[in-house]
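Note that the structure is a prediction, hence the values are computed from the model and not measured. Naming convention: chains lettered A, B, ... in sequence-line order (proteins, then strands); numbering from 1 in each chain.
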Protein chains: 2
Amino acid sequence: MTDDGTLKPSTAYVLDEQVGYLLRLANQRHATIFQTHAVDGLTPTQFTALVRLAEHGKCSQNQLGRYAAMDIATIKGVVDRLRGKGLVQTEASQQDRRRSLVSLTPAGQDLVQDLYHAGEAITDETLAPLSPAEQRNFIKLLRKLG
Amino acid sequence: MTDDGTLKPSTAYVLDEQVGYLLRLANQRHATIFQTHAVDGLTPTQFTALVRLAEHGKCSQNQLGRYAAMDIATIKGVVDRLRGKGLVQTEASQQDRRRSLVSLTPAGQDLVQDLYHAGEAITDETLAPLSPAEQRNFIKLLRKLG
DNA sequence: GGAAATTCATTTGTACGCTAATGGTATGGG
DNA sequence: CCCATACCATTAGCGTACAAATGAATTTCC
C-alpha cells in the first residue's frame with residue numbers, strides 16, 4: 001500500500017492496533033486496579049486459584065492448576081504462597097502417594113466470600129471506560145478467545 | 001439470587017465471566033501463538049521494544065520504556081537481552097551523562113522488516129475465532145481500555 | 001549560586017508463566 | 001508379572017512486570 005515498494009512498508013504496521021500489544025496494556029490496567037482493591041495482598045493469580053478451589057473443593061495440585069488454567073510450575077508457587085498466608089492447606093493422598101491434596105482452610109473459606117464482592121468492584125472499574133452494552137460485548141468476544 | 005440468602009451466594013460470581021481472568025487467558029493464547037511464529041526467539045515484549053525503537057529512533061532507555069509502556073526495571077532487562085542478541089546498541093550521551101542512548105543495529109533494522117509480516121500473521125491467528133466484524137469491534141473496545 | 005526537586009539508570013525482592021529435566025508412583029497391556 | 005506409558009510433584013532456568021531503594025547527574029527556583 002506504499003507509493004513504491006522499496007521504502008517504509010513499515011507505515012502499514014501500527015503497533016497500537018495489534019491484539020498482543022493491546023492485551024498487554026489491558027492486563028496492566030487490570031493489574032493496577034486489582035492492586036488497589038487487594039484483599040490480604042492477594043494477586044489476581046492467587047485470587048483465581050482460591051475461587052477455583054472453592055468451586056471444586058479439595059483436589060490435587062495439578063488438578064487445581066488445570067481448573068485455574070495455570071502451568072504446573074506456576075500453580076506450585078501459587079499454592080506455596082497461599083499456604084504461607086494460611087489460606088490453603090495440603091495433605092498427602094492415601095490412595096495415590098504421588099498426589100498432594102489442596103483444600104481451603106477456614107480462613108481461606110472466609111476470605112473467598114469477601115473476594116466475590118471485591119471481584120465485582122474490580123471488574124466494574126476495569127470496564128468503566130466502556131458503556132454497559134460495550135462491556136457485555138467485550139466479555140462475549142473475550143470468551144471466544146479463551 | 002439464591003433461594004435463601006445464607007448459602008452459596010458464590011453462585012452469583014462466575015469467574016469465567018470476569019475480565020481479569022479472561023484477559024489472562026487471552027494473553028496466554030496470544031503468547032502461545034506468538035511463540036510458534038517467533039523470529040529469532042523474540043518475545044512479545046522484545047518485539048514491542050524493537051518496533052518502538054524503529055518508530056522513534058535513538059532515545060534514552062527510560063524514554064524507550066515509556067514508548068513501549070514498560071517499567072524502567074523491565075525495559076532494562078529487555079534492552080540487555082536485545083543487546084545480547086546484537087539487535088540493539090547503547091552509547092553514553094554527551095549532553096546528559098545520566099543517559100544511555102539506545103538504537104537499532106543494522107541487524108536490528110533488517111529484523112524489524114520481518115517482524116511486521118510476522119506480526120500481522122500473529123494478530124490474524126490470535127483473532128481467528130472472531131469474524132472480521134467482531135475482530136474490528138474487539139480491537140476498538142480493547143483500545144478504549146488502554 | 002546553591003538547595004530542592006527531578007530525572008536517569010541500576011539493583012534487590014517478589015510474583016507470575018513457561019520449558020525442560022528429574023524422580024517417584026500408578027496403570028494397562030502383553 | 002513386568003515393562004511401557006502415563007501421571008504427579010519438584011526443581012532449575014529464562015523472561016516479563018512491578019515496587020522500592022540507591023546514587024549520580026541535571027534542572028528549577030529562590
Side-chain angles (χ1 to χ4, degrees), chain A residues 20-21 23-36 38 40-50 58-85 87 90-102, chain B residues 20-21 23-36 38 40-50 58-85 87 90-102:
Chain A
Y21 182 69
L23 281 174
R24 187 172 138 260
L25 295 191
N27 245 324
Q28 279 181 2
R29 171 185 170 78
H30 175 261
T32 302
I33 291 170
F34 190 99
Q35 212 175 358
T36 67
D40 205 16
L42 285 180
T43 65
T45 310
Q46 293 168 12
F47 177 101
T48 295
L50 275 186
K58 185 185 296 186
C59 62
S60 79
Q61 188 176 279
N62 269 18
Q63 185 61 53
L64 180 58
R66 285 189 290 269
Y67 288 146
M70 290 174 207
D71 189 82
I72 58 168
T74 300
I75 192 66
K76 184 196 186 308
V78 173
V79 167
D80 285 350
R81 285 181 284 272
L82 288 176
R83 200 174 43 205
K85 291 175 189 285
L87 301 173
T90 58
E91 60 187 294
S93 168
Q94 301 300 329
Q95 291 78 33
D96 189 335
R97 281 187 295 166
R98 295 170 303 179
R99 285 185 166 84
S100 87
L101 298 175
V102 188
Chain B
Y21 182 70
L23 281 174
R24 185 172 138 263
L25 295 191
N27 245 325
Q28 278 181 3
R29 171 186 170 78
H30 174 262
T32 302
I33 291 170
F34 191 99
Q35 210 175 0
T36 67
D40 204 15
L42 284 180
T43 66
T45 310
Q46 293 167 11
F47 177 101
T48 295
L50 275 187
K58 185 186 294 185
C59 62
S60 79
Q61 187 176 280
N62 270 17
Q63 185 62 52
L64 179 57
R66 285 190 290 268
Y67 288 145
M70 291 172 205
D71 190 83
I72 57 168
T74 300
I75 192 67
K76 183 195 187 311
V78 173
V79 167
D80 285 351
R81 284 181 283 272
L82 288 176
R83 199 173 42 204
K85 290 177 190 283
L87 301 174
T90 58
E91 59 186 296
S93 168
Q94 300 300 330
Q95 291 77 33
D96 189 335
R97 282 187 294 167
R98 294 168 306 179
R99 283 184 167 86
S100 86
L101 298 175
V102 188

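- Annotation: the span from A:Gln61 atom CD to A:Asp80 atom CG amounts to 7.0 Å, rounded to 0.5 Å.
- Annotation: side chain of B:Thr48 is in contact with side chain of B:Met70 (closest heavy-atom distance under 4.5 Å).
- Taking side-chain N and O atoms only, A:Arg66 has a distance below 4.0 Å to OP1 or OP2 of D:dC8.
- Contact check, A:Arg99 against D:dC8: a side-chain N or O comes under 4.0 Å of OP1 or OP2.
- Atom CD1 of A:Ile33 and atom P of D:dC18 are 14 Å apart (whole Å).
- The base of C:dT25 does not come close enough to the side chain of A:Arg97 for any donor and acceptor atom to sit less than 3.5 Å apart.
- Between C:dT7 and B:Gln63, no contact under 4.0 Å exists linking OP1 or OP2 to a side-chain N or O.
- For C:dT7, the OP1/OP2 oxygens have no side-chain nitrogen or oxygen of B:Asn62 closer than 4.0 Å.
- Looking only at side-chain heavy atoms (C-beta outward), A:Leu42 and A:Lys85 come within less than 4.5 Å of each other.
- Here B:Gln95 lies in heavy-atom contact (under 4.0 Å) with sugar-phosphate atoms only.
- Distance A:Arg98 CZ to C:dT27 C1': 8 Å, rounded to the nearest Å.
- Here the OG1 atom belonging to A:Thr32 is positioned 9.0 Å from the CZ atom belonging to A:Arg29, to the nearest 0.5 angstrom.
- When side chains are defined from C-beta on, A:Leu64 does not count as touching A:Val78, because their heavy atoms never get closer than 4.5 Å.
- Taking atom CZ of A:Arg29 as the reference point, atom P of D:dC18 lies 14 Å away to the nearest angstrom.
- As rounded to whole Å, 15 Å separates atom P of D:dA17 from atom CG of B:Asp80.
- Toward the 5′ end of DNA chain C lies the nearest nucleotide of B:Asp96, the other residue of the pair B:Asp96 and A:Asp96 mapping further downstream.
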In 5'-to-3' order, the base (B), backbone-only (S) or no-contact (-) status of each nucleotide in nucleotides 11-20 of chain C, using a 4.0 angstrom heavy-atom cut-off, is B---SSBBB-
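- Nucleotide D:dA17 holds its P atom 10 Å from the CD1 atom of B:Ile75, rounded to whole Å.
- Note that CG of B:Leu101 and CD of B:Gln94 are 9.0 Å apart. Values are rounded to the nearest 0.5 Å.
- No more than 12 heavy atoms of other residues, nucleotides or ligands lie within 6.0 Å of NZ in A:Lys58, so this atom counts as exposed by the packing criterion.
- When atom types are taken as modelled, the side chain of A:Arg24 and the backbone of B:Ala69 share a donor-acceptor pair closer than 3.5 angstrom.
- Atom CD of A:Gln28 and atom CG of B:Leu23 lie 12.0 Å apart (nearest 0.5 Å).
- A:His30 places its NE2 atom 16 Å from the P atom of D:dA17, with the value rounded to the nearest Å.
- Computed from C1' positions of five pairs at each end, the angle between the two local axes of the helix from C:dG1-D:dC30 to C:dG30-D:dC1 equals 10°, rounded to 10 degrees.
- Between the C1' atom of D:dG15 and the CZ atom of B:Phe34 lies a distance of 13 Å, rounded to the nearest Å.
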